[in-house]
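Here the structure is laid out as structure tokens; the discussion comes afterwards.
Below, read A as the first sequence line, B as the second, and so on, with proteins coming before strands; counting in each chain starts at 1.
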Number of protein chains: 2
Amino acid sequence: MRSNESILISERSNPSAAFAFRPVPKNRISEDALAQLVDMIVSGEVKPGERLPGERELAQSLSITRTSLREALRRLENMGLASVRQGDGIYVRDFRREANLDFINFQAGRGAALEPQLLLGMDEARRLMSAMVVSLAARRADASDIEELRRVAGECPPDGSPELLSGKWDYDFYLTIALASMNGAFVCLINTMKGMFATFRPMYSLLDEGRRESIKDLNLRLVDAIESGDERAASAIVEERMRQDMEDLAKRAQSPEKRKSKTRKAGAK
Amino acid sequence: MRSNESILISERSNPSAAFAFRPVPKNRISEDALAQLVDMIVSGEVKPGERLPGERELAQSLSITRTSLREALRRLENMGLASVRQGDGIYVRDFRREANLDFINFQAGRGAALEPQLLLGMDEARRLMSAMVVSLAARRADASDIEELRRVAGECPPDGSPELLSGKWDYDFYLTIALASMNGAFVCLINTMKGMFATFRPMYSLLDEGRRESIKDLNLRLVDAIESGDERAASAIVEERMRQDMEDLAKRAQSPEKRKSKTRKAGAK
DNA sequence: AAATAAAATTGGTAGAACCAGTGTACCATT
DNA sequence: AATGGTACACTGGTTCTACCAATTTTATTT
């Protein structure tokens with residue numbers, strides 16, 4: 001959520017700049033502390049079920065105040081990485097089983113090194129979710145939605161431009177689709193994903209470079225498909241675009257797709 | 001995340017109790033304050049872009065300390081409902097466009113009255129996501145995953161039992177499926193949805209009552225489908241089960257499905 | 001009028017004190 | 001021996017006050 005403000009800032013102070021400035025991190029001290037706590041848990045330095053030192057001691061170890069530490073703890077709880085109980089203590093949870101999307105959001109947002117496996121998973125989720133929301137939009141978008149979609153699609157900056165790289169526009173477009181899908185939960189999901197992919201977005205945009213069709217044309221085609229109510233065609237356009245991205249990414253990690261053939265029992269029921 | 005602990009507690013102090021105690025809410029004052037802030041924003045009392053009173057004044061209005069208020073503000077930011085800038089102030093964001101899943105999670109968790117439209121959307125999302133993760137599991141689950149799935153499915157408590165109503169088991173089962181899908185992002189997604197539906201879970205379980213097939217049998221069938229690698233069959237089982245729930249729920253709100261026919265332009269490209 | 005500097009405002013951090021649940025050990029009662 | 005009561009130490013929850021740091025506003029200077 002921080003990137004949003006920063007984008008506004010950079011726009012104001014550099015209205016005609018050719019570069020898309022990265023958001024300058026205004027680290028709240030609690031976020032730094034949080035990062036350390038998360039690292040401690042993710043690295044396995046402290047194990048699930050284990051009890052962390054008390055707030056006073058923890059704060060001292062981090063060289064911050066209890067006040068700041070507590071702000072960090074609130075989010076650590078929120079991510080599903082720890083549970084805090086008054087009178088008892090702070091307990092580490094099993095992040096591999098209990099972490100939620102806010103965890104990914106935080107890790108991705110601060111540029112933490114995520115496991116390749118997880119990155120692939122995020123990408124796969126993005127692909128499936130996008131196709132899904134597009135499909136819903138095709139089912140339910142009314143005339144005014146289409147009009148809005150076409151307007152936003154038409155405002156798509158040229159390929160390779162900083163505005164496109166920043167991902168701001170792409171987000172706006174998919175948010176509009178989500179709004180057209182008439183499903184508030186998907187709107188929220190898109191917004192969650194926005195945070196999760198904020199730092200990775202430029203990478204995806206670079207992958208788009210080699211395409212024969214401009215992003216703008218592709219999206220206008222998408223709007224047409226949505227307007228005609230053809231769910232399959234609409235989702236196919238999205239899937240096709242993102243499959244290429246995924247394939248490129250897959251080269252950087254082992255594909256989980258082939259895992260099954262090795263260990264699977266043949267001829268199950 | 002609080003409900004989890006409480007379940008453990010009630011299990012310990014009443015191992016053979018016939019009742020499933022509801023977790024006794026241990027309100028943090030910051031959460032109460034947060035709830036009021038959220039209400040203020042959602043109700044439209046303060047509008048997007050508007051600037052809230054300063055932390056000092058806000059804290060005084062809520063009769064709490066700045067320290068506590070700030071813990072609330074951290075999450076208000078995290079939900080995408082406000083942005084806080086040092087030296088400037090606290091600004092309200094457009095929750096209809098910018099709220100993320102944590103917002104739904106919070107609202108649902110405290111039993112806030114959500115718009116019927118949003119409830120339907122949440123249910124639709126749940127249905128689609130579940131079908132999706134099941135499909136992935138069918139694609140990638142290996143022998144050990146199947147074994148684990150069958151074990152968990154076998155431990156399914158009888159229909160109508162408090163354990164089933166609480167939703168704890170159902171969550172465990174779907175978490176196992178998510179783990180079998182080899183996609184960490186979906187594991188996190190399931191965990192996020194767990195929070196979103198925690199308070200609604202009993203309602204869904206009640207809908208299950210009328211089924212001719214027990215939940216246990218149904219899920220064992222599902223595991224079979226996953227084992228055979230039949231993605232369509234597996235997701236169909238899930239969709240079928242959840243479609244009924246959705247239909248029942250739909251009776252309590254207008255269906256967004258029919259919206260299109262009214263305003264749609266005929267014969268689009 | 002523009003540039004600059006000072007002041008006021010606002011969020012961010014610090015530190016200490018006290019309130020409120022938890023858990024444990026010990027004691028009294030049954 | 002089991003149960004319930006009590007006191008105490010420990011831990012998170014909350015409050016207060018003071019001060020630091022970023023931003024905006026205002027006043028001043030050029």
Given B:Glu98 and A:Asn191, is the side chain to side chain donor-acceptor pair (under 3.5 Å) satisfied, shown in steps? CA-CA 6 Å; B:Glu98 305 188 282; A:Asn191 284 330; over 6 Å; no
I'd like to know if [X] and [Y] make a salt bridge, using a cut-off of under 4.0 Å between side-chain N and carboxylate O.
X        : Y        : answer
A:Arg28  : B:Glu77  : yes
B:Asp88  : B:Arg51  : yes
A:Asp170 : A:Lys194 : no
B:Arg151 : B:Glu148 : yes

Between B:Thr67 and B:Gly89, who's closer to the 5' end of DNA chain C by nearest nucleotide?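 By nearest-heavy-atom nucleotide position, the 5'-most residue is B:Gly89.
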Neighbours of DNA chain D within residues 55-63 of chain A, by heavy-atom distance under 4.0 Å: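 Output list: A:Glu55, A:Arg56.
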Rounded distance in Å - [atom1] ([X]) to [atom2] ([N]):
X       : N      : atom1 : atom2 : answer
B:Leu52 : C:dT9  : CG    : C1'   : 16 Å
A:Ile90 : C:dG23 : CD1   : P     : 15 Å
A:Tyr91 : D:dG12 : OH    : C1'   : 12 Å
A:Asn27 : D:dA21 : CG    : P     : 15 Å
B:Asp88 : D:dT23 : CG    : P     : 9 Å
B:Arg51 : C:dT10 : CZ    : C1'   : 7 Å
A:Leu69 : C:dG12 : CG    : P     : 17 Å
A:Arg70 : D:dT15 : CZ    : C1'   : 12 Å

Might you confirm whether atom CD of B:Glu147 has over 12 heavy atoms from other residues, nucleotides or ligands at distances under 6.0 Å?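 Atom CD in B:Glu147 is not crowded, with 12 or fewer foreign heavy atoms closer than 6.0 Å.
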So does A:Arg28 reach the base of C:dG11 with its side chain, donor to acceptor, closer than 3.5 Å?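 In this structure, the two groups form no donor-acceptor pair.
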Between [X] and [N], is there a contact of a side-chain N or O with OP1 or OP2 at under 4.0 Å?
X       : N      : value
B:Lys26 : C:dT22 : yes
A:Arg85 : D:dG12 : no
B:Arg74 : C:dG12 : yes

Test item: B:Lys216 side-chain N/O and B:Pro157 main-chain N/O as donor-acceptor pair under 3.5 Å: no
Tell me which nucleotide among C:dG12, C:dG15, C:dG21 gets nearest to the side chain of A:Thr65. C:dG15
Would you mind classifying the nucleic acid contact of B:Leu73 as base, sugar-phosphate or nothing, using non-hydrogen atoms under 4.0 angstrom? nothing
Would you mind classifying the nucleic acid contact of A:Ser68 as base, sugar-phosphate or nothing, using non-hydrogen atoms under 4.0 angstrom?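 Result for A:Ser68 = sugar-phosphate.
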Residue whose nearest DNA chain D nucleotide is more 5′ - B:Arg66 or B:Glu71: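 The answer here is B:Glu71.
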